[in-house]
Protein chains: 4
Amino acid sequence: MPRLTEQRRTARRNQLIAAAVRCVAREGFHKTTMSAVIAESGMSAGAVYGYFASKNDIIRAIADSVLGRMTANLARLTEGATPVAPIDALESVLGQIADLARDGDIPRVAVQAWAEAGRDEVVAGIVRERLAQVRNAWRELLLRAREAGLLSAAADIDALAQVMLGAMMGFLQQYLLMGDVRPDSYAAAYRSLAGAGE
Amino acid sequence: MPRLTEQRRTARRNQLIAAAVRCVAREGFHKTTMSAVIAESGMSAGAVYGYFASKNDIIRAIADSVLGRMTANLARLTEGATPVAPIDALESVLGQIADLARDGDIPRVAVQAWAEAGRDEVVAGIVRERLAQVRNAWRELLLRAREAGLLSAAADIDALAQVMLGAMMGFLQQYLLMGDVRPDSYAAAYRSLAGAGE
Amino acid sequence: MPRLTEQRRTARRNQLIAAAVRCVAREGFHKTTMSAVIAESGMSAGAVYGYFASKNDIIRAIADSVLGRMTANLARLTEGATPVAPIDALESVLGQIADLARDGDIPRVAVQAWAEAGRDEVVAGIVRERLAQVRNAWRELLLRAREAGLLSAAADIDALAQVMLGAMMGFLQQYLLMGDVRPDSYAAAYRSLAGAGE
Amino acid sequence: MPRLTEQRRTARRNQLIAAAVRCVAREGFHKTTMSAVIAESGMSAGAVYGYFASKNDIIRAIADSVLGRMTANLARLTEGATPVAPIDALESVLGQIADLARDGDIPRVAVQAWAEAGRDEVVAGIVRERLAQVRNAWRELLLRAREAGLLSAAADIDALAQVMLGAMMGFLQQYLLMGDVRPDSYAAAYRSLAGAGE
DNA sequence: TATGAATGAGCATTCATTCAT
DNA sequence: GATGAATGAATGCTCATTCAT
């Protein structure tokens, strides 16, 4: 088969996932019909099943794709060699999330994926892996911050990474559900919490 | 006269919701069939539709019930007159969430409700109301903490309430998805974060 | 049982039939639900089944009642001893039908009964009996008209009675479906047809 | 390309309508189940819904089809250029109706359609249109008869067309319900009515 | 190869009827 | 008696998937 294969195939797959994501953002995984995905993608039913074995397969691909794109921007943050104060990093990350939520469907579908993980163990595996990536990125960033003295030497890096990931999830949910959270004040609140309790 | 008393009617309704919650915890809202709910509840198809007009109605009742029960314990915390350090309160609340998640279906279904809010405006309204309640409880607690000097005078109470709610949501999601978060270390991390960056 | 029984029972039965007729005029026999009849009658489900064994029974009672009331006025016409010209009688009868159709549900439900006769042999029997009554009335009237010289001596009384009944049915259907037929011009047309063709 | 040609699609549609007509002749519109239609047509449930959006759609298509076929033969009668005596034409038309009723389901279903017009405004529109066609055909025939002197010059063509349509409906109903009407004597009775009343 | 019509099990919901109170 | 909540088989319809063309 000399036709331009793998590259073209991947492109079509992505185009299909993009169409499916638009549908899922509107109706959720299980109220989205294959018929809707087929119409949105402009492909034929047969063609779709040439790229994915089943609707479940598409759901899994969507989950992976969408969570991957949530993570993508975060990775960029960590790549930099210069240490960043964790809360500054958080503000930046929350800003990226707010941007994604304002402009597109990804965060809405990410929430769907978190819910779906509760009933499909494969999706659960994908989600776990993606969340682990985010935590790893945070751990790296936090370590560098601690080395730079931007974080107390006694800080529990693992727990803090969990807290940072949790902040992202909590912020996103409130952004989507309440629509009244702002990256700057949200991140700043962590600072005000500071001296408290001691 | 075989007329149902309001009390009996409410009891049956709750019994039905409880059965439906068990189903939804397993399969999510839209993969749960009425047939499954009927079997789980031990009622007949017709009887179920005597209590709820449609599956959608049940979904909404579940969302309200489940989010209400997530909130219930929190309210208890705020009722106390004695000021509590916010992070101590958080640890306590996360502990309650972990307990609920370990012992029952409520938190799993709460996640479903958050996702469903993205496609059913009625559920979105219910969720907004319930989340607002949680924030209000936090605001009250935070105000009292600030008055007692357990919180910096400059603290942004509204933003902090958002952060506290977000912490609950982020903790719960990670509890369900990763299974490795612990109330004590999670809450403690907030403290270690505190001084940082300044 | 010293309670006023038979009389009261009949009254309640008629009240029930009246309610059911209102429903059937709106939705036809088979789109009318027992629930609707129960609501319209103000009785309880159990009570209704005390008067009629089944929905089918009600349908049959309605058919009989409604066709009986279509016939009632016709009988009055024939009772008179004085001979009437057939076409004058027809105009009068069509006028009565138009009045019934304008003011109430009976003719609409009569059409339902004719249709139902195609699938329920019991209703077919009721309809046959009622139509036979109408024909008999016409036969009597036509005989008297022939004796009085208002009708040709060679007239086929049986066939003419069929034609008169047919005229009533055809007029009613057009009144209900087209709404543009008038008793006077409709009857008059029979006269203009008369001499023709010979 | 397995695309259906318009021709094939229409053929399948008609086959489906034919199957549905057989069911409706037996049980009426609303006691005919989709399941019965599906079985009778030999198609699958899904296929049926590829041709018609709903059961209501099928009912409407049946109404149009059946009333159209009642009309078809009438049109043929009018096409002829030679004037026909109205009562001769009537006898011929009643003969066609009797043939249709003896051999097939069409007239039984036509009666269903007239009844259904009382509750579905779309069916009512279809019926009105089809009845108007019949009247138009009669008007044309009557005009030609009047020109040829087969009808009194003073005859009210519109009213006579109503009477002719009414005769067809009344004859058909009696054919189906009583089974004792004959085209020849029925038409002849109109003649015997002739001199009467003057 | 790509198509889209066909499949049919499965879905949410209805409703005539019953019977415990 | 009278009530109306409960029953559950049956209904109209959907939709993930297949496969003849």
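Below, chain A is the first sequence line, B the second, and so on; all start at residue 1. Since this is a predicted model, take the numbers as computed values, not measurements.
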Please report the distance, rounded to the nearest Å, between [atom1] in [X] and [atom2] in [N].
X: B:Tyr49; N: F:dA5; atom1: OH; atom2: P; value: 18 Å
X: A:Ile59; N: F:dA16; atom1: CD1; atom2: P; value: 9 Å
X: D:Arg8; N: F:dT21; atom1: CZ; atom2: C1'; value: 11 Å
X: D:Lys31; N: F:dG12; atom1: NZ; atom2: C1'; value: 15 Å
X: A:Ile58; N: F:dC15; atom1: CD1; atom2: P; value: 15 Å
X: A:Tyr51; N: F:dT17; atom1: OH; atom2: P; value: 18 Å
X: A:His30; N: E:dC11; atom1: NE2; atom2: P; value: 14 Å
X: B:Leu4; N: E:dA20; atom1: CG; atom2: P; value: 16 Å

Would you say C:Ser41's side chain and C:Val37's backbone share a donor-acceptor pair under 3.5 angstrom? yes
Looking at C:Glu40 and C:Ala19, would you say the former's side chain and the latter's main chain have a donor-acceptor pair under 3.5 Å? no
When D:Ser44 and B:Asn56 are each assigned the nearest nucleotide of DNA chain E, the 5'-most assignment goes to D:Ser44
Heavy atoms, side chains only, cut-off 4.5 Å: are A:Ile62 and A:Ser65 in contact? no
Flag yes if more than 12 heavy atoms outside C:Arg60 fall under 6.0 Å of its CZ atom; otherwise flag no. yes
Tell me whether B:Glu129 at atom CD has more than 12 heavy atoms from other residues, nucleotides or ligands lying less than 6.0 Å away. no
Nearest to the side chain of [X] - [options]?
X: A:Ala45; options: F:dT18, F:dT7, E:dA6; answer: F:dT18
X: B:Lys55; options: E:dT13, F:dA6, E:dA5; answer: E:dT13
X: C:Met34; options: E:dT13, E:dT17, E:dT3; answer: E:dT17
X: D:Thr33; options: E:dT13, E:dA5, F:dG12; answer: F:dG12

Can you tell me the Watson-Crick or wobble partner of E:dT21, both distances under 3.5 angstrom? F:dA2
Using purine N1 to pyrimidine N3 plus N6-O4 or O6-N4 for Watson-Crick, or N1-O2 and O6-N3 for G-U wobble, each under 3.5 Å, what pairs with E:dA12? F:dT11
Whichever of C:Arg12 and B:Ala47 has the more 5' nearest nucleotide on DNA chain F, that residue is C:Arg12
When the nearest nucleotide of DNA chain F is assigned to A:Gly46 and to A:Ala36 on a heavy-atom basis, which residue is associated with the more 5' position? A:Ala36
Base, sugar-phosphate, or nothing for C:Phe52, non-hydrogen atoms under 4.0 angstrom? nothing
